[in-house]
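Not measured: the values here are computed from a predicted model. The chains referred to below are lettered A, B, ... by the order of the sequence lines, with proteins before strands, and numbering in each begins at 1.
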Amino acid sequence: MKKPVSKFAVYNPAKIEPKWQKKWASTKIFASKEDSKKPKFYVLDMFPYPSGEGLHVGHPKGYIATDVVARMKRMKGYSILHPMGFDAFGLPAENYALKTKTHPAIATKKNVERFKEQLHILGFDYDWSREVNTTDPNFYRWTQWIFLQMWKKGLAYESFEPINWCPSCKTGLANEDVEDGRCERCGTPVEKKPLRQWVLKITDYAERLLADLDIFDNDKPLLDWPASIVKSQKDWIGKSEGALLKFELKIDGVKISGAKSDHIKNIEVFTTRPDTLFGVTYVVLAPEHKLVSELLNNAVSNNLITNRKEVESYITRTKTETEIERTDAQKEKTGVELKGVKAVNPVNGEEVPVWIADYVLADYGTGAVMAVPAHDERDWQFAKKFGLPIKHVIVPNFGERNNTAELVDGSVVVAFDPAIQKYTCLHWKNPERYTIVSGGREKGENYEETAKREILEEAGIKEVKSWHQLGETLFASYWNESKKKYKFATSMQYLAVVDSSKIVAHNREEHENFDVEWKSAEEILGLFDKYISKSGHLYEIMARAVYLLHEKKLDTTSNLRKFDFIKSVPFIESGTLINSGTQFDGRNSEEIKKEITTSVGGQWVTKYKLRDWVFSRQRYWGEPIPLIHCEKCGVVAVPEKDLPIKLPDVKSYEPTGTGESPLAAISKWVNVKCPECGGKGKRETNTMPQWAGSSWYYLRYEDPKNKRALVDPKKEKYWSPIDLYVGGAEHATRHLIYSRFWHKFLYDIGSVSTIEPFIKLQHVGLIMGEDGRKMSKRFGNVVNPDDVVKTYGADSMRVYEMFMGPFDQQISWSTASIIGARRFIERVWKLMDKVEMRSAEVSRGRELGLAKRSQTDERLAALRVLHKAIKKVTNDIEALRFNTAISTLMITVNEIEKVPTLTREDFETLLKLLAPFAPHVADELWSNLGNKKSVHISSWPVFDPKTAEDSTTTIGVQVNGKVRATLKIGLEISENEIKTQVQALPEVKKWLTGKEVKKIIVIKGKIISIVTN
RNA sequence: GCCAGAGUGGUGAAAUUGGCAAACACAAUCGACUCAAAAUCGAUCGCCGAAAGGCUUGCGGGUUCAAGUCCCGCCUCUGGCACCA
């Protein structure tokens, strides 16, 4: 009742939002224009896939962000391109269509309409006249055109290699479409299937795709991308340099010189570690390696491979394994020896066995590796399992201790008596030192047997309650006193639990120069400091181990491995060569890599993990590949004037599963004349993957209706590159690699003018359901934006989503919290009552004069707050820190509410700052102020540091690091004055009584710190 | 296993270069208004303590007048990669 009645209507978003949406559309204020007088700003969202489920509140988060940026940039005077479109080809649409028995084209059309409705009510500033849709023939005509250009340049080729095949989706997949051995779409384990397919040579661009991530433009990095995405791409491309080395083959002791083909004479391997060449103890071929079948079928070798059956059955077995089983690194290694065949190590002529094992991948490197178990984890596991020899050729760089090549393999053992809580060590007399029971393995012994023998011989311990192996084999050095030199050891560590009272002191071999002593864990650690460390790292390991064990911190080898003087076995780092001949012994492994490669006639090469892009799908709903197979001419391009090759209507678009697409069944469409010779030809019936259209769609927005080119060069030059690209992080190694590849290709053929498409990339953090799980129909936690808009209004939803938290962070939706955004908007709405509405007829000049006279303290306070906000909001939007921009606006409103009246000018400033976030309410209030044109085409406020400056500041006063008081001071005040004032404060005096002030530190505008004795 | 990133109240979070930790919100509690409720407005709101005061940014150390921020060690979580020789 006493409630003040507003001069204006109650805030009702349901009424004002549609009104402004209509107005914006009819006045076309958001139409993008190439305006040579203005700087341009191209801001893009990753376009959505119009699924049947519609949008949930998480989807628009990124769109709101780009809308905010676009609106601010427009007000700052930029010509904006902020378009939207739909990525509608692909498996989900087709699977959805199959399920609902509707044609994918119809389902897609319906879904797009639904999406557009949902987007519309959120009030985005898209220029819908530039909408693109990848399934529109006018669009995919150019997708096909790009493919043809690639084909003409030899970048698209037909291949028959086995590829990833999803048995559920019934189509081949690219490497990028496989996640953990499963189809990225449906989760079905992927199989390997030989299939005719079209492949794009993305590997030709591997180096540029990698190098340009770090390229500089005028001393500034060209790309402003999240480090995590850059890293993902680098990992995916996976560059490594190494050597191609040839191992000659011998069958039953005879070199196969009589073999027909040249390559059968040797096995070529790729290795990044040619420095370990002397440590090769066998060679492994992938089961799919060509040489395997050739050796099995070759007339010469046929009968000489003595275990032919066994080999064949192993190969059959590996074929039935799924990719998941096959590539599981945890799984135990399997393999079979190719008996009768030997490979000759080119560096020393040593003959080593040839094995076939599925841990070697057929499609990386040469599909064959030289195995060095001492210096490779996988080879080590394999050698252990099959009892193959292990030869150490690299030792760690333990400083000056590298002057020896002698390597011992043995055990170290400490006995523990729980009754007295003590451990054994050996006390030597001359020179005095302490060591630990240890010894090398004798022939035929295993580590444990060595440990048992040594502890009996050296410590006289026969009866042991229990044995504990401490971790695994480790690599260290030790001092051999009798030989006066350091040695290296690979050793296993043991703990023997005993009863010391039962031990007869001299029940051991006679050793005059040492005694067995029992020490506590602390004592042993102390001895290590005094003596043991001088004796080398091997003993240090045990001293540490004993101590850690006692502290119960030792559970795994990893605790020991953390000491940098201890290395695990296999030793896979670089180091110093041993057992590698006079030329290489003692040299650094990194330094001799190329030298050793050349010395055996090898080649230094670069390899990438990136594979060529399997580009054909055996499905209906995709762009037809514009090629014709002619009986006479082979593969022929569809003439460009015949593009687009439209996807024909078909009764059954069910995938066939035969490796042919459903298009193959439409003979009318398939059978065509060859454009070259006029003879019989058949269309290519595979279609393109979903990634095709999205690899270049961003260019089409620049010139969406062009019939002669995919984009007009002038328009392309004006708008490219994209200044800000916002989307999900899940595209790091798919869309964002594919589109960079296509862009670079288009650059090469002169279709675009930039080497990279996306300058600044930002990813959106997902909005999770209120239960913390991903929003999904399955969990019943989906929140629909339509409902939120109905209850709170689009502006409130926009403000809430931007305020939730850091933009790139994953955050759960909270229905309870949206009310805060709505309240905030309502408060802004009510500010209208405070505005002094000087009539609009008052001339601008007079108004300014008036404004000058009325510079009251209140006005100044309001201006100060506003100008601080201008700076913060502007910077925050530029840096995509929307949450703090909104909180600044909230603070501003809270402050302004305290002021009884508000000038129109000041309220306008506030509305401008608010406009990007809450565009409808901003425009409504803006027009209430009497403005005829939209706030969105007004100019962004300019920050004035003078206006924002405070006349006084309150700073904290610390005494000995603790805040004890605050002090309000003017800006002009001198440092000495501050010091005096501060010490006079009662709250400070209290803490200074009886103490002497030693130092006062004054950090202007921040803090005063008093230090006493 | 490897490589990133993160860890701050009941919750989402904030904190330019090392400079008053918890801004801004949500929730909660109390009060005003109301027949009542909602809405709105006002107050309280890290922990311990009656207070003085003490403690507090995952844990343990260190540097500094001053550490969420820098250094060393550890724990936990999230994401990416993972038999790529």
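Interatomic distance, NZ of A:K61 versus CH2 of A:W813, reported as 10.5 Å (0.5 Å rounding).
A:E826 places its CD atom 16 Å from the C1' atom of B:A25, with the value rounded to the nearest Å. Put simply, CG on A:L736 is 15 Å from P on B:G80, counting in whole angstrom units. When the P atom of B:G1 is taken as reference, atom CD of A:E573 falls 17 Å away, rounded to whole Å. If you measure from atom CG of A:N960 to atom P of B:C65, you get 11 Å, rounded to the nearest angstrom. Here the P atom of nucleotide B:A25 and the CD atom of A:E895 are 11 Å apart, to the nearest Å. To the nearest angstrom, P of B:C24 lies 11 Å from CZ of A:R827. Straight-line distance from the CE atom of A:M890 to the P atom of B:A14: 14 Å, rounded to whole Å. As a whole-Å value, the separation of A:K333 NZ from B:A85 C1' is 12 Å.
Among B:A85, B:C24, B:A13, the nucleotide with an atom closest to any side-chain atom of A:Q809 is B:A13. The side chain of A:V963 sits closest to B:A21 out of B:A13, B:A21, B:C65. Listed nucleotides B:C65, B:U40, B:C83 differ in distance to A:K999; the shortest reach to its side chain belongs to B:C65. Side chain of A:I819, nearest nucleotide from B:A27, B:C83, B:C81: B:A27. Side-chain proximity of A:Y364 to B:C65, B:C24, B:A85: nearest is B:A85. If you check B:U40, B:A23, B:C20 against the side chain of A:K830, the one that comes closest is B:U40.
Here A:T733 lies out of heavy-atom contact (under 4.0 Å) with every strand. Here A:I891 lies in heavy-atom contact (under 4.0 Å) with sugar-phosphate atoms only. Within the nucleic acid shown, A:V360 comes within 4.0 Å of at least one base atom, counting heavy atoms only. Within 4.0 Å (heavy atoms only), A:F803 reaches at least one base atom of the nucleic acid. The residue A:I811 sits close only to the backbone: its heavy atoms come under 4.0 Å of sugar-phosphate atoms, none of a base. Within the 4.0 angstrom heavy-atom criterion, no nucleotide atom of any strand lies near A:I818. Within 4.0 Å of A:G365, counting heavy atoms only, lies no atom of the nucleic acid at all. Across all strands shown, A:R881 has no heavy atoms under 4.0 Å from either base or sugar-phosphate atoms. Using a 4.0 Å heavy-atom cutoff across all strands shown, A:V369 reaches at least one base atom of the nucleic acid.
Nucleotide B:G9 is shown with a syn base, its glycosidic torsion being within 90° of 0.
Between A:M804 and A:G961, the residue anchored nearer the 5' end of RNA chain B, judged by the nucleotide with its closest heavy atom, is A:M804. Of the two residues near RNA chain B, A:A227 and A:E897, the one whose nearest nucleotide lies more 5' is A:A227.
You won't find any donor-acceptor pair under 3.5 Å spanning the side chain of A:S817 and the base of B:C26, going by distance alone.
Other residues, nucleotides and ligands contribute at most 12 non-hydrogen atoms within 6.0 Å of the CD1 atom of A:I572. The neighbour count for A:K871 NZ, taken as heavy atoms of other residues, nucleotides or ligands under 6.0 Å away, does not exceed 12. Residue A:K774 qualifies as open at atom NZ: its count of foreign heavy atoms under 6.0 Å is 12 or below.
One P atom belongs to B:C48, the other to B:G80, and the distance between them is 39 Å to the nearest Å. When the P atom is compared between B:A67 and B:C20, the two are found 11 Å apart, to the nearest whole Å. Spacing of C1' atoms, B:G9 relative to B:C45, comes out at 10 Å, to the nearest Å.
Across all strands shown, B:A23 forms no Watson-Crick or G-U wobble pair with both key distances under 3.5 Å. The partner of B:G1 is B:C81, judged by Watson-Crick or G-U wobble contacts that both fall below 3.5 Å. In a base pair of the Watson-Crick type (N1 to N3 plus N6-O4 or O6-N4) or a G-U wobble (N1-O2 and O6-N3), with each distance short of 3.5 Å, B:U16 is matched with no nucleotide. Of all nucleotides present, only B:U29 satisfies the Watson-Crick or G-U wobble test against B:A43, with each distance under 3.5 Å. B:A51: no Watson-Crick or G-U partner with both key distances under 3.5 Å is found in any strand.
For the pair A:K333 and A:Y359, the cation sits on the ring face: its NZ or CZ lies under 6.0 Å from the ring centre, inside 45° of the axis.
For the pair A:K192 and A:E288, the salt-bridge criterion is not met [side-chain N within less than 4.0 Å of a carboxylate O].
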Take A:Q603 and A:T597 through the test side-chain hydrogen bond (donor to acceptor under 3.5 Å, both in side chains) and record every step on the way to the result. CA-CA 7 Å; A:Q603 238 186 308; A:T597 303; over 6 Å; no
